[in-house]
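Heads up: the structure comes next, in C-alpha cells.
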Amino acid sequence: MELWDIYDKNKQPTGRTMKRNDWCLKNGEYHLTVLGVIMRPDGKFLITQRVMTKAWAAGWWEVSGGAAMAGESSREAVIREVREETGLDVSNAEGGYVFSYHRENPGEGDNYFVDIYRFVMDFDESDLHLQEAETLGYKIASPDEIKALGEQGIFLHYDSIKRVFEV
C-alpha cells in the first residue's frame with residue numbers, strides 16, 4: 001500500500017499520512033507531487049505521451065512526475081519518478097528545483113502542491129527506457145513545439161508550468 005504524507009497550507013508535514021488516491025484531505029491539507037523537466041544542452045526538452053488507457057488525459061503530452069511517497073523528500077521523489085518513467089538518472093544533473101504551485105479542489109479531498117524541477121543533461125535516445133504501462137512514446141521538443149501542444153490543450157499542466165520551458 002502506497003502512503004503519502006499530508007502537508008499543511010505552509011507545506012509543512014503534519015505527521016499524518018493518507019493512502020494513495022484516498023481523497024480524504026480537508027481544506028488546508030495537501031499532498032505533494034513533483035514534476036521533473038529534462039532539458040538537453042541544445043535547449044530541447046524530453047516530453048512523453050500518456051498511454052491511451054489512462055482514465056484522465058489519455059494521449060496527452062507531459063513531463064515525468066508523480067506523488068512523493070511518505071517520508072520521501074521532494075528531490076528524492078523527482079529523481080525516483082524520472083528514473084521510473086524514463087530510465088534516466090538525474091541525481092547528478094545540472095539544475096534542480098525551480099518553483100512550486102498548488103491546487104485546491106474544494107469538496108474533492110484532492111489538494112496538492114507541485115514542485116517543479118528542471119535538470120539539464122545530455123543523453124542519447126538509446127539511454128531512454130520508458131515505462132510502457134505509463135508512456136506511449138516520447139519527443140525531443142523545442143519550447144515552441146511544447147507551447148503549440150499547450151495551445152492545443154493536449155499538454156498536461158502546461159499553463160501552470162510553461163515558464164520552466166523558457167530557455
Side-chain angles (χ1 to χ4, degrees), residues 1-38 45-88 90 95-119 130-139 141 146-166:
M1 173 176 46
E2 188 175 311
L3 293 176
W4 299 343
D5 287 321
I6 297 174
Y7 294 81
D8 67 18
K9 65 180 176 156
N10 297 312
K11 206 166 146 187
Q12 297 301 308
T14 63
R16 297 179 14 254
T17 59
M18 64 182 277
K19 292 178 190 171
R20 174 191 174 132
N21 295 335
D22 181 15
W23 307 126
C24 62
L25 297 173
K26 298 172 181 66
N27 289 340
E29 293 182 335
Y30 304 81
H31 68 90
L32 176 64
T33 62
V34 295
L35 293 175
V37 176
I38 302 171
F45 295 87
L46 173 63
I47 61 173
T48 56
Q49 188 174 24
R50 294 166 63 89
V51 291
M52 298 309 287
T53 54
K54 287 281 191 184
W56 180 68
W60 287 26
W61 293 90
E62 66 182 345
V63 295
S64 296
M69 305 286 193
E72 189 175 46
S73 72
S74 172
R75 183 171 171 78
E76 290 167 339
V78 76
I79 290 168
R80 176 184 50 76
E81 286 288 347
V82 169
R83 186 179 297 124
E84 285 175 1
E85 294 179 12
T86 69
L88 297 176
V90 295
Y97 175 82
V98 181
F99 67 95
S100 294
Y101 70 92
H102 73 281
R103 284 276 184 272
E104 295 186 25
N105 298 296
E108 293 180 23
D110 180 22
N111 306 320
Y112 53 91
F113 289 105
V114 183
D115 287 352
I116 313 297
Y117 290 78
R118 180 174 57 207
F119 298 102
L130 301 180
Q131 189 177 32
E132 292 179 12
E134 302 280 331
T135 308
L136 183 63
Y138 73 92
K139 266 187 194 181
I146 294 168
K147 180 180 180 182
L149 294 168
E151 289 171 348
Q152 293 172 51
I154 57 171
F155 195 98
L156 205 56
H157 311 297
Y158 181 75
D159 285 339
S160 298
I161 68 170
K162 60 186 173 188
R163 71 179 190 197
V164 79
F165 299 112
E166 295 170 0

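It should be emphasised that the depicted structure is a prediction, and the values quoted were computed from it without experimental measurement.
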Of all the heavy-atom pairs spanning [X] and [Y], show the shortest one and how long it is.
X	Y	answer
Lys26	Asn111	O-ND2, 3.4 Å
Tyr101	Ser160	CZ-CB, 3.5 Å
Glu132	Val51	O-CG1, 3.5 Å
Val98	Arg118	CG2-N, 3.6 Å
Leu25	Met18	CD2-SD, 3.7 Å
Leu32	Ser74	CD2-CB, 4.0 Å

For the residue pair Tyr30 and His102, does the interplanar ring angle fall in the parallel (under 30°), tilted (30 to 60°) or perpendicular (over 60°) class?
perpendicular
Which residue pairs satisfy the salt bridge (Lys or Arg N to Asp or Glu O under 4.0 Å) criterion with at least one member in residues 5-17, sequence neighbours excluded?
Lys11-Asp115, Arg16-Glu29
Only pairs at least two apart or in different chains count here, so list each salt bridge (Lys or Arg N to Asp or Glu O under 4.0 Å) that has a residue in residues 102-112.
none
Are His157 and Val114 close enough, and set up right, to give a side chain to side chain contact (heavy atoms under 4.5 Å, CB included), and what steps lead you there?
CA-CA 10 Å; His157 311 297; Val114 183; over 6 Å; no
Return a table of donor-acceptor pairs under 3.5 angstrom between the side chains of residues 56-73 and protein atoms on other chains or two or more places apart.
residue, atom, partner, partner atom, Å
Glu62, OE1, Arg50, NH1, 3.1
Glu72, OE1, Met69, N, 2.8
Glu72, OE1, Arg80, NE, 3.4
Glu72, OE1, Arg80, NH2, 2.9
Glu72, OE2, Arg80, NE, 2.8
Ser73, OG, Glu76, N, 3.0
Ser73, OG, Glu76, OE1, 3.4

Does a side-chain heavy-atom distance below 4.5 Å link Leu88 with Phe119?
no
Is there a side-chain contact between Leu149 and Tyr158 (heavy atoms, below 4.5 Å)?
no
So, taking the atom named CG in Asp159 and the one named CD in Glu151, what distance separates them when rounded to the nearest 0.5 Å?
9.5 Å
Distance, nearest 0.5 Å, that separates NZ of Lys19 from CG of Leu3
8.5 Å
Would you please name every residue forming a ring-ring contact (aromatic ring centres under 6.0 Å, His included) with Phe45, sequence neighbours left out?
Phe165
Quick one: list whatever passes ring-ring contact (aromatic ring centres under 6.0 Å, His included) with Tyr97, sequence neighbours left out.
Tyr117
Quick one: which of Ile116, Leu35, Ile146 gives a side chain to side chain contact (heavy atoms under 4.5 Å, CB included) with Val164?
Ile116
With respect to Tyr138, which candidate in Thr48, Ile47, Thr86 satisfies the side chain to side chain contact (heavy atoms under 4.5 Å, CB included) definition?
Thr48
List in chain and number order the residues that pass side-chain contact (heavy atoms from CB on, under 4.5 Å) with Asn21, two or more places apart in sequence or in another chain; answer none if no residue qualifies.
Trp4, Trp23
